[in-house]
Asks: 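For reference, the structure I am asking about is given below.
A note on names: the letters A, B, ... follow the listed sequences, proteins ahead of strands, and every chain is numbered from 1. Every value quoted in this text rests on a predicted model; they were computed, and no experiment measured them.
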Amino acid sequence: NAGVTQTPKFQVLKTGQSMTLQCAQDMNHNSMYWYRQDPGMGLRLIYYSASEGTTDKGEVPNGYNVSRLNKREFSLRLESAAPSQTSVYFCASSLAGVSGNTIYFGEGSWLTVV
Amino acid sequence: KNQVEQSPQSLIILEGKNCTLQCNYTVSPFSNLRWYKQDTGRGPVSLTIMTFSENTKSNGRYTATLDADTKQSSLHITASQLSDSASYICVVTLTGGGNKLTFGTGTQLKVEL
């Protein structure tokens, strides 16, 4: 039972490069999320997808785009990476929204932009 | 501003001892409060989730309490083990907030021999 799987685990980018973080869940969940975690701060929501075919901005969406490819997969794209996007990124999923539902997190993707 | 504040920031205890972590929040109105455990280099793992009407919830050696009147929660760890060394994160869900969770910055717990 893999749960939420993210790739890559580690990535170093140069400023201006683009990349996509991949996420897949095998729990048949409807809702998926992308968070970033920075030192001294709580996790912050970048984008979420309440259900297949929908995506919405979270607290810190600037510089990112997302695609809900199908029910299982939710990718996060950095079009032109900036040093401020150096962070740990977590994909998460829940059965339906956050209210009352357990949210399951992936293992994280460590991204460094130089 | 909706906030979640945790204390202490870090804590060191001896194996076998109990400890209590605190969470104060200003998120309002809220629908539930969660505690997560995050091992170093790993993703957060859910420990408990409580609605505003619940006072306590247990998960093995972890017991969370909630006082919605004072907007305080605590996580009590009994008979600590080395594997309890981790960051413990308090998370509050905003009612009708469009999937809005407010995360605390966590309490870093280290359990030593």
Side-chain angles (χ1 to χ4, degrees), chain A residues 1-7 9-10 21 23 25 27 29-51 54-61 66 68 74 88-110, chain B residues 1-10 23-27 29-54 57 59 62 64 66 73 86-108:
Chain A
N1 186 1
V4 179
T5 303
Q6 299 179 226
T7 57
K9 181 80 170 180
F10 300 98
L21 300 177
C23 175
Q25 51 89 11
M27 296 174 281
H29 285 170
N30 292 299
S31 301
M32 297 185 73
Y33 316 85
W34 277 105
Y35 289 91
R36 60 178 288 173
Q37 187 175 38
D38 300 295
M41 302 183 72
L43 275 81
R44 292 180 293 168
L45 182 65
I46 304 171
Y47 270 94
Y48 67 96
S49 171
S51 61
T54 69
T55 60
D56 286 287
K57 295 179 180 179
E59 300 174 70
V60 288
V66 291
R68 183 74 182 266
F74 188 39
V88 184
Y89 292 86
F90 288 98
C91 179
S93 71
S94 65
L95 182 59
V98 299
S99 185
N101 292 302
T102 298
I103 300 167
Y104 297 86
F105 287 84
E107 293 291 80
S109 296
W110 273 252
Chain B
K1 182 179 179 182
N2 290 319
Q3 288 188 317
V4 175
E5 296 188 353
Q6 296 186 240
S7 62
Q9 191 171 15
S10 62
C23 174
N24 295 336
Y25 60 92
T26 61
V27 177
F30 86 102
S31 61
N32 56 63
L33 185 145
R34 312 158 193 254
W35 283 92
Y36 276 84
K37 178 187 180 188
Q38 185 176 21
D39 293 321
T40 300
R42 308 291 295 274
V45 174
S46 179
L47 293 176
T48 62
I49 177 171
M50 292 182 290
T51 67
F52 65 90
S53 60
E54 294 180 289
K57 183 72 69 78
N59 179 358
Y62 301 101
L66 174 63
S73 176
S87 178
Y88 292 84
I89 302 172
C90 176
V91 188
V92 180
T93 306
L94 183 66
T95 300
N99 291 296
K100 170 65 175 176
L101 299 179
T102 302
F103 289 78
T105 56
T107 290
Q108 189 66 45

Asks: Looking only at heavy atoms and a cut-off of under 4.5 Å, which of B:Asn32, B:Val91, B:Thr93 has the most pairs with chain A?
Replies: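 Most pairs with chain A among the choices: B:Asn32.
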
Asks: Output side-chain donor-acceptor pairs under 3.5 Å for residues 38-45 of chain B, partner residues at least two apart or in another chain, one line each.
Replies:
from	atom 1	to	atom 2	distance (Å)
B:Gln38	OE1	A:Gln37	NE2	3.0
B:Gln38	NE2	A:Gln37	OE1	3.0
B:Gln38	NE2	B:Arg42	O	3.0
B:Arg42	NE	A:Glu107	OE2	2.2
B:Arg42	NH2	A:Glu107	OE2	2.7

Asks: Report the C-alpha separation of A:Tyr33 and B:Leu101 in whole Å, then their side-chain angles, then the decisive distance to 0.1 Å, and conclude whether the side chain to side chain contact (heavy atoms under 4.5 Å, CB included) test is met.
Replies: CA-CA 11 Å; A:Tyr33 316 85; B:Leu101 299 179; over 6 Å; no

Asks: Under 4.5 Å heavy-atom distance to chain B, tell me which part of A:Asn101 shows up: side chain, backbone, both or neither.
Replies: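 Just the backbone, heavy atoms under 4.5 Å.
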
Asks: Taking all atoms of both residues into account, what is the closest heavy-atom pair of B:Ile89 and A:Leu43, and its distance?
Replies: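 Here B:Ile89 and A:Leu43 meet closest at CD1-CD1, 4.4 Å.
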
Asks: Among residues at least two apart in sequence or on other chains, which ones pass ring-ring contact (aromatic ring centres under 6.0 Å, His included) with A:Phe90?
Replies: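 With sequence neighbours excluded, A:Phe90 shows a ring-ring contact (aromatic ring centres under 6.0 Å, His included) to no residue whatsoever.
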
Asks: Below 4.5 Å from any heavy atom of chain B, which atoms of A:Glu59 appear? Answer side chain, backbone, both or neither.
Replies: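 Just its side chain gets close to chain B.
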
Asks: More than 12 heavy atoms of other residues, nucleotides or ligands under 6.0 Å from NZ of A:Lys57: yes or no?
Replies: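 Check fails, neighbour count at 12 or below.
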
Asks: Are any side-chain N or O atoms of A:Tyr104 and backbone N or O atoms of B:Ser46, one a donor and one an acceptor, separated by less than 3.5 Å?
Replies: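 Such a contact is absent between A:Tyr104 side chain and B:Ser46 backbone.
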
Asks: Work out which heavy atom in A:Ile103 is nearest to a heavy atom in B:Tyr36; give both atom names and the distance.
Replies: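 The pair with the smallest heavy-atom distance is O-OH, 2.9 Å.
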
